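Being a predicted model, the structure only gives us computed values, none of them experimental. Values reported hereafter were calculated over all heavy atoms of this structure, with side chains retained and with hydrogens, waters and symmetry mates removed. Along the sequence shown, residues are numbered consecutively beginning with 1.
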Amino acid sequence: MSSMNLRRLLPQKAKQERPQPESSKKKGFLERKKDYVERAKDYNNKRDTLKKLKLQAAFKNPDEFNYKMISSKLVDGVHSEISKTSLKKEQIIDIKTQDILYLQSKRRADDKKIERLQATLQYMDSGLEPTEQIVYVDDEKEVKNFSATKYFDTVPDAFNGSLSTIPKISKLKEGSLVVNPKTAPTLGQLEAMTATSYKELKERKLRRDQLFKAEMDLSKSKIQLKRGTKSGVTKKVGKKEVVFKQIRSK
């Protein structure tokens with residue numbers, strides 16, 4: 001191994017800059033080369049930016065139009081946006097009324113879906129003990145040809161004793177629990193569908209509460225807008241505007 005490779009493996013001594021001499025400290029901070037390079041880069045960037053802006057201003061079309069010219073104004077030297085819409089009080093009340101009616105329609109639709117889901121889930125998960133049911137037939141031929149699944153419109157797994165009630169396929173289809181109505185679901189699929197329906201029921205109740213809260217907030221703001229806010233008399237005192245309000249004395 002050569003001496004150059006050995007030198008690379010040895011720890012290198014940290015190089016330090018020569019400190020500023022005591023005799024030159026009275027003249028101020030001694031600028032290093034790295035400080036000068038950073039300052040020069042900053043100066044050159046600013047110079048190039050100003051040069052570019054001057055060229056753009058020199059070659060600008062005097063007839064050029066920008067929408068900011070009519071949608072903003074200078075306030076104390078700062079550009080601020082101008083409100084594009086200035087609606088009257090009656091128009092705002094009409095808009096709020098339409099919003100309230102829309103929220104009411106959505107909430108009522110959710111109420112109907114919640115009632116349908118609750119009825120379906122209550123039918124499937126009533127919590128009662130399984131009971132016997134007697135079916136009367138006319139003769140022994142009907143007994144041999146009797147099919148419990150067709151008679152009760154259900155699946156074969158419904159008769160294993162784990163369900164308190166017999167779920168009908170037509171009822172499940174009405175409750176939108178059956179994913180594929182052509183194939184009869186098994187007991188495991190029914191349990192999975194029931195869990196999905198409970199989740200949907202919880203989400204719909206949360207959505208209904210949120211819609212009701214938004215509807216109440218809109219109704220309150222509409223009532224306040226109809227009543228109006230009793231403001232005092234505004235007078236200009238010097239450069240400031242002072243609001244004088246009448247206070248009822250006891």
Side-chain angles (χ1 to χ4, degrees), residues 67-68 70-73 75 79-128 152-155 158 163-234 241 243 245-248:
Y67 281 100
K68 286 287 183 180
I70 59 174
S71 64
S72 63
K73 63 180 180 179
V75 179
H79 284 277
S80 58
E81 296 289 334
I82 300 174
S83 179
K84 296 181 181 179
T85 56
S86 55
L87 299 176
K88 295 182 180 179
K89 182 178 177 181
E90 292 78 10
Q91 293 175 335
I92 298 173
I93 291 174
D94 290 339
I95 292 171
K96 288 183 180 293
T97 305
Q98 292 174 5
D99 292 342
I100 290 170
L101 292 175
Y102 174 76
L103 291 175
Q104 284 178 353
S105 64
K106 286 292 182 182
R107 183 172 56 83
R108 287 168 184 167
D110 279 344
D111 284 338
K112 290 180 181 178
K113 290 178 181 177
I114 287 170
E115 289 177 2
R116 187 163 64 248
L117 274 173
Q118 283 179 340
T120 307
L121 291 172
Q122 185 180 6
Y123 175 81
M124 287 190 61
D125 195 11
S126 59
L128 300 174
F152 291 103
D153 188 23
T154 185
V155 291
L163 292 177
S164 57
T165 56
I166 299 175
K168 291 188 177 181
I169 295 175
S170 58
K171 186 74 175 178
L172 296 177
K173 288 178 182 178
E174 291 176 5
S176 67
L177 286 175
V178 178
V179 179
N180 188 2
K182 294 181 180 180
T183 59
T186 61
L187 183 60
Q189 290 175 343
L190 286 174
E191 291 177 355
M193 292 171 190
T194 307
T196 305
S197 298
Y198 273 116
K199 185 179 178 181
E200 182 184 355
L201 178 63
K202 184 179 179 181
E203 291 175 354
R204 289 196 177 276
K205 284 184 177 181
L206 181 63
R207 173 185 162 88
R208 180 191 60 184
D209 296 340
Q210 291 175 349
L211 288 173
F212 182 74
K213 185 178 181 299
E215 183 184 337
M216 290 295 104
D217 293 341
L218 274 175
S219 301
K220 288 179 183 178
S221 62
K222 179 182 173 182
I223 293 170
Q224 290 175 358
L225 189 62
K226 280 185 177 180
R227 291 176 180 175
T229 55
K230 296 182 179 180
S231 57
V233 181
T234 305
E241 290 185 354
V243 181
K245 291 185 179 181
Q246 185 177 2
I247 300 174
R248 184 179 295 178

| Residues, nucleotides or ligands: over 12 heavy atoms within 6.0 Å of Lys106 NZ |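 Open.
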
How far does [atom1] of [X] sit from [atom2] of [Y], to the nearest 0.5 angstrom?
X      : Y      : atom1 : atom2 : result
Lys222 : Asp94  : NZ    : CG    : 8.0 Å
Gln104 : Asp111 : CD    : CG    : 11.0 Å
Glu115 : Lys112 : CD    : NZ    : 9.0 Å
Arg116 : Arg204 : CZ    : CZ    : 8.0 Å
Leu225 : Leu218 : CG    : CG    : 11.5 Å
Lys202 : Ile114 : NZ    : CD1   : 13.5 Å

| said: Run Gln210 and Leu206 through side-chain contact (heavy atoms from CB on, under 4.5 Å) and show every step you take. | reply: CA-CA 6 Å; Gln210 291 175 349; Leu206 181 63; 3.9 Å; yes

| field | Shortest non-hydrogen separation from Glu215 to Ile100 and the atoms involved | value |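 Result for this residue pair: CG-CG2, 4.1 Å.
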
| field | Nearest heavy-atom neighbours spanning Ser80 and Val75 | value |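 So the minimum-distance heavy-atom pair works out to OG-CG2, 3.2 Å.
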
| task | Decide yes or no on side-chain contact (heavy atoms from CB on, under 4.5 Å) for Arg208 and Phe212, but give the supporting numbers first. | result | CA-CA 6 Å; Arg208 180 191 60 184; Phe212 182 74; 5.6 Å; no

